[in-house]
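For reference, the structure discussed in these notes is given below.
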Protein chains: 4
Amino acid sequence: MARGSTTHKLGPHQDPAVDAAILSATRRLLVEVGYSDITINSIAAAAGVGRPAVYRRWPAKVHIVHEAVFPPLTAEWVSDDQVENEVRRLVFGAVALFGDPVTREAVPGLMCDMRSDPALKKVLAERLLAGAREGLAQTLADGARAGQVRPGIDAGTLLDTLAGAAIVALSIREVDDLERLATSLTDLLLHGILA
Amino acid sequence: MARGSTTHKLGPHQDPAVDAAILSATRRLLVEVGYSDITINSIAAAAGVGRPAVYRRWPAKVHIVHEAVFPPLTAEWVSDDQVENEVRRLVFGAVALFGDPVTREAVPGLMCDMRSDPALKKVLAERLLAGAREGLAQTLADGARAGQVRPGIDAGTLLDTLAGAAIVALSIREVDDLERLATSLTDLLLHGILA
Amino acid sequence: MARGSTTHKLGPHQDPAVDAAILSATRRLLVEVGYSDITINSIAAAAGVGRPAVYRRWPAKVHIVHEAVFPPLTAEWVSDDQVENEVRRLVFGAVALFGDPVTREAVPGLMCDMRSDPALKKVLAERLLAGAREGLAQTLADGARAGQVRPGIDAGTLLDTLAGAAIVALSIREVDDLERLATSLTDLLLHGILA
Amino acid sequence: MARGSTTHKLGPHQDPAVDAAILSATRRLLVEVGYSDITINSIAAAAGVGRPAVYRRWPAKVHIVHEAVFPPLTAEWVSDDQVENEVRRLVFGAVALFGDPVTREAVPGLMCDMRSDPALKKVLAERLLAGAREGLAQTLADGARAGQVRPGIDAGTLLDTLAGAAIVALSIREVDDLERLATSLTDLLLHGILA
DNA sequence: TCTTAAACGAGACGGTACGTCTGGTCTTGAA
DNA sequence: TTCAAGACCAGACGTACCGTCTCGTTTAAGA
């Protein structure tokens, strides 16, 4: 593809432009044809790249989509704050993330194909949730000690609930009013955990 | 297949034993090899049935799994009761449903492939949620009038939350302690909605 | 079929109208779609008859076509006559037979599928050629004794030549001028055998 | 297949060894199971090759058999010679060709399936006959001018006769004495055309 | 008249072959 | 060494037809 526009730049090194073209084509295809109808063939074709160039970088469709949807650097999720603000931030963050058209299409597919790839499953779970879990557990514990939070609230269940609610509402029921969803979900969960 | 064991019963009518064999084989395969690795071939083979006999009944794998996992008649979900009991019943019901090994395997696949089949999507959404939604909305409205329930609680969001939490916990994180999950989820949601 | 137009006539006996409908439909299909694209299904459908009604009568497509194209009663081919007249009659008969549009379509298919059915092969060979062969051999022998026919002419080779020439010209090269073909073929063969 | 025995030679180019394996397997299958019972599946399997590798080269069974039986270059058939020698050569050539066990099996099938593929029909007709026809017509004309050949002999009819006789005798009647057949056929035709 | 038996249309059954597509691996030749 | 191009094997896809079977009805022939 760099071939058409200009002459080859790189000899022995992988061309970053090819990486970018593949990931970009994958995002485009996700909203155009949906996760299930994406094939390695179609990704390569849409990226203007040979099939082996794709296989050289990722072993399977699910890995490409994963990287296309959740770019490698996920900044800081956690922060030492008030419980209320932290939950609010988590809910709005989740709704924003899972409400993106690309993510909406990708998430059910990832949930499905992830299951046969334990490594990816671990990576995804850790990156999306584990980081937040520890910080949240700490915040909840602090809040409980301060009497703001009811004791016995499990950070894992809270995160499952938060993420699950967003996924079902956005990828399955396809709710469109993100603002309203985030607000009512925050309201429900905050009342659920605060003393 | 009924052929081997006994004589043919039905001429121009579809043999219910074949239906049963296919659905049963599908359930078996779901826990043995997982949704993604199921093929129409493998279903037909495991059911001891020709491939066309499968295609005569369902157009795609997702439809077979759908019927295998959620049998056609889903009795009564709703009942006019106390809010607390109704929510408790819904949560425990969802955890029991999505905690079944067959359902755990099937749900992510269904969520994924459902997206390309609007008809099935509608059917699934209606059957699993719509029934409960109306009854729940009524119960919430009654509870709000009686001062038990905080006003402004949306039945849709509540059901998304409930189902999403169960799905993420059981199919993604693969929590095993159903009792504990149902209890903590009930606790969280009840505090979230009660006044 | 008889069902639609009038009431059933026959109970436990095979309905001759069904035989006729099948053979007639086969002839029609031969010129419409060609031998290769005929299926038992299409024959049954075109005859307005169930598939088993076909299988009850003939075991395979090739048998149906055989009977549709070469009706069971093949009168007398041979006659004690002058060699010249007999050869002329054979050539014109062969050209008329293999020049019929139905036969043109059927013959290559029969030649092909016949090979895997020794019984049919025998029947066809005997019916079409063996009858003529004996008579022709006798006539040739008589002619040779009378000095009209060169000695050593083999009736088998002569019939192969005659039939083969007609088949290749009519079914393969698809010559249309039957008159001219028969005349030039008669001329060639008569000069070939007469002293 | 070359894969197993030695290292690959060709990258983006079709491997000639695969072509050869397919054609060779086809010839083997022709005599082993007959034209009708050959399938693309069985060819691919017998050649130790994937099915798509076959479809990449030929669109249908009849094309493969055609190429397997009549290799692309059929050197020179014709030559300016005495009429007698030329006819003798044509007859012996035809008997040798159609008497080969592979060709015997293939010819009726080709005659049948050729009919639904006008392109192949043309190719086959031209390659086998057209080349000889022109040369033969010229030789006959020369012979007629020299008084050796009776006037009015049509090269087309003569070739139909020659080929048809060989096909019927060898593929249908399955005559085994090639020598005798060629001799008696030559005798018959030469007397038929010579003055 | 009543029973029996066979042929009817319809269509499901287990199979098999079709031709197409995808997945992943490999090799070539250019850069 | 990477890249594009594309051939390779393997095998799933969904369709069509095969030949067999059972169904439930209709009808002729025999009791």
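Naming convention: chains lettered A, B, ... in sequence-line order (proteins, then strands); numbering from 1 in each chain.
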Which of these nucleotides, [options], is closest to any side-chain atom of [X]?
{"X": "C:Asp15", "options": "E:dC8, E:dG14, F:dA16", "value": "E:dC8"}
{"X": "D:Tyr55", "options": "E:dC18, E:dA12, F:dA4", "value": "E:dC18"}
{"X": "B:Pro52", "options": "F:dC21, F:dA16, F:dC9", "value": "F:dA16"}

Is the shortest side-chain N/O distance from [X] to OP1 or OP2 of [N] below 4.0 Å?
{"X": "B:Arg57", "N": "E:dC13", "answer": "yes"}
{"X": "A:Arg51", "N": "E:dT27", "answer": "no"}
{"X": "A:Arg56", "N": "F:dC3", "answer": "yes"}

Tell me the interatomic distance from [X], atom [atom1], to [N], atom [atom2], rounded to whole angstroms.
{"X": "C:His63", "N": "F:dC18", "atom1": "NE2", "atom2": "C1'", "result": "16 Å"}
{"X": "C:Trp58", "N": "F:dC18", "atom1": "CH2", "atom2": "C1'", "result": "18 Å"}
{"X": "B:Gln14", "N": "E:dA10", "atom1": "CD", "atom2": "P", "result": "18 Å"}

Check: residues 58-71 of chain D side-chain donor-acceptor pairs under 3.5 Å, at least two apart:
residue: D:Trp58; atom: NE1; partner: D:Glu67; partner atom: OE1; Å: 3.0
residue: D:Lys61; atom: NZ; partner: D:Tyr35; partner atom: O; Å: 3.0
residue: D:Lys61; atom: NZ; partner: D:Ile38; partner atom: O; Å: 3.2
residue: D:His63; atom: NE2; partner: D:Asp117; partner atom: OD2; Å: 2.9

Inset, instruction - Return each pair, listed once, that meets side chain to side chain donor-acceptor pair (under 3.5 Å) where at least one residue sits in residues 43-53 of chain C; pairs must be two or more places apart or across chains. - result: C:Asn41-C:Arg51

Legend entry - All pairs passing salt bridge (Lys or Arg N to Asp or Glu O under 4.0 Å) where residues 18-27 of chain A contributes a residue, at least two apart: A:Asp19-A:Arg57

Legend entry - Side-chain donor/acceptor of B:Arg104 to backbone N/O of B:Ile172, under 3.5 Å: no

Inset, instruction - Keeping the roles fixed (side chain from D:Ser42, backbone from D:Thr39), state whether a donor-acceptor pair exists under 3.5 Å. - result: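 Answer holds: yes.
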
Inset, instruction - Name all residues meeting the side-chain hydrogen bond (donor to acceptor under 3.5 Å, both in side chains) criterion together with A:Ser116; count only those two or more places apart in sequence or in a different chain, and write none if there are none. - result: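 Here no residue qualifies.
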
Legend entry - Test side chain to side chain contact (heavy atoms under 4.5 Å, CB included) applied to B:Arg56 - qualifying residues, sequence neighbours left out: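 With sequence neighbours excluded, B:Arg56 shows a side chain to side chain contact (heavy atoms under 4.5 Å, CB included) to B:Gln14, B:Pro52, B:Ala53, given in chain and number order.
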
Inset, instruction - Starting from the 5' end of DNA chain E, give me the residue, D:Pro59 or C:Asp19, whose nearest nucleotide shows up first. - result: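 Comparing both residues, the 5'-ward one is C:Asp19.
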
Legend entry - Position toward the 5' end of DNA chain F (nearest nucleotide), A:Ala53 or D:Ala53: A:Ala53

Inset, instruction - Taking only heavy atoms on the protein side, list every residue of residues 24-42 of chain C lying under 4.0 Å from any atom of DNA chain E, sorted numerically. - result: none

